[in-house]
Amino acid sequence: MKFIKRTFIYVILIIFTFIQLLPFFWMTITSVKEQGYALKNQFFPRTINYLEKKVSDMSETDGEFQIVFAEGDRFAVIIKNPTVKHAELEFEGNVFILKKIDSYWAADVPYKEKPEILKFKITKPFKYAFKDFYTLNNFRNIWNNKDFPFKRFFVNSIIVAFFSGLFTVVLTTMGGYAFAKKDFYWKNGLFYFFLALMLVPGMIYMVPQFALVYQMGEIKFLGLG
């Protein structure tokens, strides 16, 4: 009976731990997704994707999808992607399978009227689908972005966090020792005063801190500023 009770408690604790860590996992996974997938509730890449492409966007010389119209009633569809495993085109109720030519995929399609939109079914191996879904370029782009000096902000945050944490540990340790082991005048009054200050929400300080830093202007610290 004790074993069952303990197992039940552990299961409940594991479930609540997972719930608590879920936002962290979500944030981490979202940060490494390719553009266009961040807001989708999708964690595993799909090996089969259904795409709709406007013919006006399919250039003959640029882009992954290309379309070339012949003088008659035929056009050629070309997909320039060597990672494609299988490709199909659905047009006018028919399915045309694209054939691989070197590193391209192509199909010769007859038509009655020039199409405006073409529907594709693209199949990729899981390895390439994973690379198209997850990437580390998001971190590289933000780290090397000249318009947003993330390096400076990161270094400043490390400096502030290190010294504030160091001074907080040292000063609070000395203050705690004095209140716990020493007797002095106004001990209880000072203790309640410090306790009252700890109850003040930190968000209240944001506006005056912002105003103070704004009035001080740009501050250069360790070559950063």
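For this chain, numbers begin at 1 and follow the sequence in order. Just so we're clear, the structure is a prediction, and the values are computed from it rather than from any experiment.
- Remark: aromatic rings of F184 and F179 are close, center separation under 6.0 Å.
- What you find for T30 and A38 is that their closest heavy atoms are CG2-O, 3.7 Å.
- Here L22 contributes atom CG and T17 contributes atom OG1; the two are 12.5 Å apart, rounded to the nearest 0.5 Å.
- Taking a cutoff of 4.0 Å between a charged side-chain nitrogen and a carboxylate oxygen, D183 and K187 qualify as a salt bridge.
- The backbone N or O of T28 lies less than 3.5 Å from a partner atom in the side chain of S31, making a donor-acceptor pair.
- Between the Y134 side chain and the F43 main chain, a donor and an acceptor come within less than 3.5 Å of each other.
- A single hydrophobic cluster is seen to contain both I67 and L51, as judged by linkage of ILVMFWY side chains at heavy-atom distances under 4.5 Å, directly or through other members.
- N94 contributes atom CG, which lies 9.0 Å from atom CD of E90 (distance to the nearest 0.5 angstrom).
- Rounding to the nearest 0.5 Å places CD of Q35 at 9.5 Å from OG1 of T135.
- Ring pair F65/F120 is tilted by interplanar angle, where 30° to 60° counts as tilted.
- Relative orientation of the F75 and Y111 rings is tilted, given thresholds of 30° and 60° on the angle between their planes.
- Between F18 and F25, the two ring planes are tilted [angle within 30° to 60°].
- The shortest distance between side-chain heavy atoms of T47 and K124 does not fall below 4.5 Å.
- In summary, the aromatic rings of F91 and F96 are positioned with their centroids too far apart to meet the 6.0 Å limit.
- Distance alone, capped at 3.5 Å, is enough to place a donor-acceptor pair between the Q42 side chain and the F44 backbone.
- Taking CZ of F133 as the reference point, atom CG of N49 lies at 10.0 Å (rounded to 0.5 Å).
- To the nearest 0.5 angstrom, H86 atom NE2 is 8.5 Å from L98 atom CG.
- Note on ring orientation: taking the six-membered ring where Trp is involved, the planes of F148 and F150 are parallel (angle under 30°, cut-offs 30° and 60°).
- Scanning both residues, V55 and P115, for their nearest heavy atoms gives CG2-O, 3.3 Å.
- At distances below 3.5 Å, not a single donor-acceptor pair connects side-chain atoms of K100 with backbone N or O atoms of V84.
- For the pair M58 and Q66, the minimum side-chain heavy-atom distance is 4.5 Å or more.
- How far CD1 of I9 is from CD1 of I4: 12.5 Å, rounded to the nearest 0.5 Å.
- Judged purely by atom type and a 3.5 angstrom limit, K33 uses its side chain to pair as donor or acceptor with the backbone of K40.
- Side chain of N145 to backbone of D147: a donor-acceptor contact under 3.5 angstrom is found.
- You'll find the side chain of E64 reaches within 4.5 Å of the side chain of I79, heavy atoms only.
- The shortest side-chain heavy-atom distance between I48 and K121 falls under the 4.5 Å cut-off.
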